[in-house]
Engineer: 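One structure, pasted below without further comment.
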Amino acid sequence: MPGLHPSALFKFNLRDAGTLIGLLIIVGTFAVLSPVFMTVPNILNILQQSSINAAIALGMTLVIISGGIDLSVGPTAALSAVLGATLMVAGVPVPLAIMATLGIGALCGLFSGTLVAYAGLQPFIVTLGGLSLFRAGALIYTGGNPIFGIPMEFRNFITSELFGIPCPIVIVMIIALAAWILMNKTPLGEYILAVGGNEEAARVAGVPVKRTKVTVYVISGVLASLASLILVGRLGAAEPTMGSLWELDAIAAAAIGGTSLMGGKGSIIGTIMGAIILGSLRTGLTLMNIQAFYQLLATGLIIIIAMLIDRATRGK
């Protein structure tokens with residue numbers, strides 16, 4: 001970022017390197033323990049499984065860097081999915097249905113962002129309320145039942161490949177590149193860092209604080225909807241209960257990747273690696289027939305270690 005102190009840039013790169021080392025250790029360990037782990041099909045499976053969390057985590061990263069939090073991404077995904085699926089089943093052209101689905105996510109983000117930025121409410125409380133509201137909306141709309149009959153045109157697109165790479169992975173690669181450009185090459189990226197680092201100083205410096213806050217929540221909502229579309233395309237159905245605990249996975253990926261929950265600091269590349277770390281960990285433990293609650297234990301330990309590393313790199 002222009003204007004960053006060289007020492008801050010060094011710490012940023014050092015933190016990314018630490019995340020990469022952690023990823024290599026996990027991958028190397030499971031490669032030794034399971035001969036299946038490093039096969040091409042399994043690697044693609046890990047990346048594809050991680051793509052949903054990565055998409056949401058990228059939006060979460062922007063929100064956290066700005067000093068906020070978004071606990072409503074899972075229910076936002078569910079509400080977007082069931083409404084978007086309804087449009088597809090009703091015969092609305094797939095491109096229009098996709099745009100409408102993303103628009104629903106944007107509206108959910110706009111709702112949360114407006115309350116945070118203009119009503120001055122705490123992000124945790126606002127998005128916790130959104131979590132209940134959006135989930136209730138999805139359940140009430142569907143009566144708690146999944147929506148089937150997703151057009152094959154859409155399903156074929158999501159399950160297609162580009163040069164042997166599954167479509168969800170390609171989509172997330174494009175989003176990650178766009179997010180990296182946004183944070184490193186645009187004024188909005190500087191605004192997000194400034195607001196998260198010191199909101200009052202940013203306001204005095206002329207940064208549009210309120211608009212910046214609303215923008216990151218809108219982006220988070222859109223990416224949650226995009227993640228829901230990926231899952232709907234793979235499953236062939238939209239579940240009103242989808243997205244359970246997605247917000248925790250997204251926060252974990254961002255934290256593991258070096259995004260400070262205090263705001264003002266984060267890494268797009270680190271978040272992607274964080275999502276892959278979680279995906280690799282779960283896949284590796286599954287291949288070793290480790291029970292699910294031990295997977296949760298391992299995930300929790302990694303998050304705590306990531307927080308300790310972040311504290312050490314900040315010198316606090």
Engineer: Are F157 and L162 co-members of a hydrophobic cluster defined by side-chain heavy atoms under 4.5 Å apart?
Structural biologist: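 Per the 4.5 Å side-chain linkage, L162 and F157 are co-clustered.
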Engineer: I need the T61 OG1 to L223 CG distance, nearest 0.5 Å.
Structural biologist: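 Rounded to the nearest 0.5 Å, the OG1-CG separation comes out at 10.0 Å.
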Engineer: Going by heavy atoms in the side chains, are Y294 and M288 under 4.5 Å from each other?
Structural biologist: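 Contact flag for Y294/M288 side chains = no.
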Engineer: If we count only N and O atoms by modelled type, under 3.5 Å, do the side chains of S80 and S228 hold a donor and an acceptor together?
Structural biologist: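 No, no side-chain donor-acceptor contact under 3.5 Å.
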Engineer: Using a 3.5 Å distance criterion without hydrogens, assess whether the side chain of S34 forms a donor-acceptor pair with backbone atoms of A31.
Structural biologist: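 Checking the backbone N and O of A31 against the side chain of S34, no donor-acceptor pair under 3.5 Å is found.
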Engineer: Say whether V218 and M99 are linked into one hydrophobic cluster, either directly or through other cluster members, by side-chain heavy-atom distances under 4.5 angstrom.
Structural biologist: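 No, separate clusters.
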Engineer: From I276 CD1 over to I46 CD1, what is the distance, rounded to the nearest 0.5 angstrom?
Structural biologist: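 Answer for the CD1-CD1 pair, I276 versus I46, is 9.0 Å.
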Engineer: Report whether L301 and L248 are members of the same hydrophobic cluster (ILVMFWY, side-chain heavy atoms less than 4.5 Å apart, transitive linking).
Structural biologist: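 The answer is no; the residues belong to distinct hydrophobic clusters.
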Engineer: Mind checking whether L121 and V116 have side chains closer than 4.5 Å, heavy atoms only?
Structural biologist: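 Side-chain contact under 4.5 Å: no.
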Engineer: Side chains of L287 and L33: does their closest heavy-atom pair fall under 4.5 Å?
Structural biologist: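 Not touching, per the 4.5 Å side-chain cut-off.
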Engineer: With the threshold set at 4.0 Å, does a side-chain nitrogen-carboxylate oxygen contact exist between K213 and E199?
Structural biologist: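 Salt bridge: yes.
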Engineer: Taking N184 for its side chain and W180 for its backbone only, find out whether a donor-acceptor pair lies under 3.5 Å.
Structural biologist: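 Looks like yes, one N/O pair under 3.5 Å.
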Engineer: Indicate the atoms forming the closest heavy-atom contact of A54 with I272, along with that distance.
Structural biologist: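 Distance-wise, the nearest heavy atoms are CB-CD1, 4.0 Å.
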Engineer: Can you name the nearest heavy-atom pair linking T19 to M273, along with the distance?
Structural biologist: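 Heavy atoms of T19 and M273 come nearest at CG2-CB, 3.7 Å.
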Engineer: In terms of hydrophobic clusters joined by side-chain contacts under 4.5 Å, are I277 and M173 together?
Structural biologist: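 Same hydrophobic cluster.
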Engineer: Could you tell me the separation between the CD1 atom of I269 and the CG atom of L20, rounded to the nearest 0.5 Å?
Structural biologist: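 If we round to the nearest 0.5 Å, I269:CD1 and L20:CG are 10.0 Å apart.
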Engineer: Flag yes if more than 12 heavy atoms outside Q122 fall under 6.0 Å of its CD atom; otherwise flag no.
Structural biologist: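 Check fails, neighbour count at 12 or below.
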Engineer: Shortest non-hydrogen contact from S112 to Y217?
Structural biologist: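 Here S112 and Y217 meet closest at CB-CD2, 4.2 Å.
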Engineer: For residues L79 and G137, report the shortest heavy-atom separation together with the two atoms involved.
Structural biologist: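 Scanning both residues completely, I find the closest heavy atoms to be CD1-C, 3.9 Å.
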Engineer: If we ignore hydrogens and angles and just use 3.5 Å, is the side chain of S220 paired with the main-chain N or O of V216 as donor and acceptor?
Structural biologist: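 Here the side-chain-to-backbone pair does not exist.
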Engineer: If you define the side chain from C-beta out and look only at heavy atoms, does anything of F134 sit under 4.5 Å from F111?
Structural biologist: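 In contact.
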Engineer: Please test S225 against T101 for side chain to side chain donor-acceptor pair (under 3.5 Å), starting from the C-alpha separation and ending with a verdict.
Structural biologist: CA-CA 6 Å; S225 297; T101 303; over 6 Å; no
Engineer: Rounded to the nearest 0.5 Å, what separation is found between the CD1 atom of I169 and the CD1 atom of I174?
Structural biologist: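 One finds 12.5 Å between CD1 of I169 and CD1 of I174.
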Engineer: Under 4.5 Å between any side-chain heavy atoms of W246 and L231, yes or no?
Structural biologist: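 W246 reaches L231 side chain to side chain.
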Engineer: Please check this pair: side chain of N53 against backbone of A250, looking for a donor-acceptor N/O pair closer than 3.5 Å.
Structural biologist: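 Checked: pair present.
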Engineer: How close do P75 and R135 get, heavy atom to heavy atom, and via which atoms?
Structural biologist: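 Smallest heavy-atom distance, with atoms named: CB-N, 3.5 Å.
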Engineer: Kindly indicate, with the supporting measurements, whether the criterion side chain to side chain donor-acceptor pair (under 3.5 Å) is fulfilled by T86 and Y141.
Structural biologist: CA-CA 10 Å; T86 298; Y141 176 74; 3.0 Å; yes
Engineer: Could you walk me through whether I219 and L58 pass the side chain to side chain contact (heavy atoms under 4.5 Å, CB included) check?
Structural biologist: CA-CA 9 Å; I219 293 173; L58 287 170; over 6 Å; no
Engineer: Please evaluate residues I65 and M183 with respect to the criterion side chain to side chain contact (heavy atoms under 4.5 Å, CB included), reporting the C-alpha separation (whole Å), side-chain torsions for both, the decisive distance (0.1 Å), and the verdict.
Structural biologist: CA-CA 10 Å; I65 292 175; M183 287 303 301; 4.0 Å; yes
Engineer: Got a second to check how far I158's CD1 is from Q48's CD, nearest 0.5 Å?
Structural biologist: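 Answer rounded to 0.5 Å: 9.5 Å.
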Engineer: Quiz question: by atom type and distance under 3.5 Å, do the side chains of D70 and T127 form a donor-acceptor pair?
Structural biologist: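 No.
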Engineer: Please check if atom CZ in R211 has more than 12 non-hydrogen atoms from other residues, nucleotides or ligands closer than 6.0 Å.
Structural biologist: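 Check fails, neighbour count at 12 or below.
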Engineer: Within the structure provided, determine whether L278 and S50 are in side-chain contact (heavy-atom separation under 4.5 Å).
Structural biologist: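 Sidechains of S50 and L278: no contact.
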Engineer: Can you hop from M152 to I98 via hydrophobic side chains spaced under 4.5 Å?
Structural biologist: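 In one cluster with M152: I98, no.
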Engineer: Is there a side-chain contact between F37 and V27 in this structure, where contact means two heavy atoms from C-beta onward sitting under 4.5 Å apart?
Structural biologist: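 F37 reaches V27 side chain to side chain.
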Engineer: Starting at CG of L133, measure out to OG1 of T76 and round the result to the nearest 0.5 Å.
Structural biologist: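 The distance works out to 10.0 Å.
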Engineer: After noting the C-alpha distance and the side-chain angles of I64 and I69, does the key distance pass the side chain to side chain contact (heavy atoms under 4.5 Å, CB included) rule?
Structural biologist: CA-CA 5 Å; I64 294 175; I69 198 76; 3.9 Å; yes
Engineer: Quick one, D249 and I56 - any side-chain contact, counting heavy atoms below 4.5 Å?
Structural biologist: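 No, their side chains stay 4.5 Å or more apart.
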Engineer: On a heavy-atom basis, which atom in M60 and which in V73 lie closest, and how many Å separate them?
Structural biologist: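 Answer, listing the atom of M60 first, then V73: CE-CG2, 4.0 Å.
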Engineer: Whether the side chain of T259 engages the backbone of A255 through a donor-acceptor N/O pair (distance < 3.5 Å, no angle test) should be reported.
Structural biologist: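 Judged by distance alone, no pair lies under 3.5 Å.
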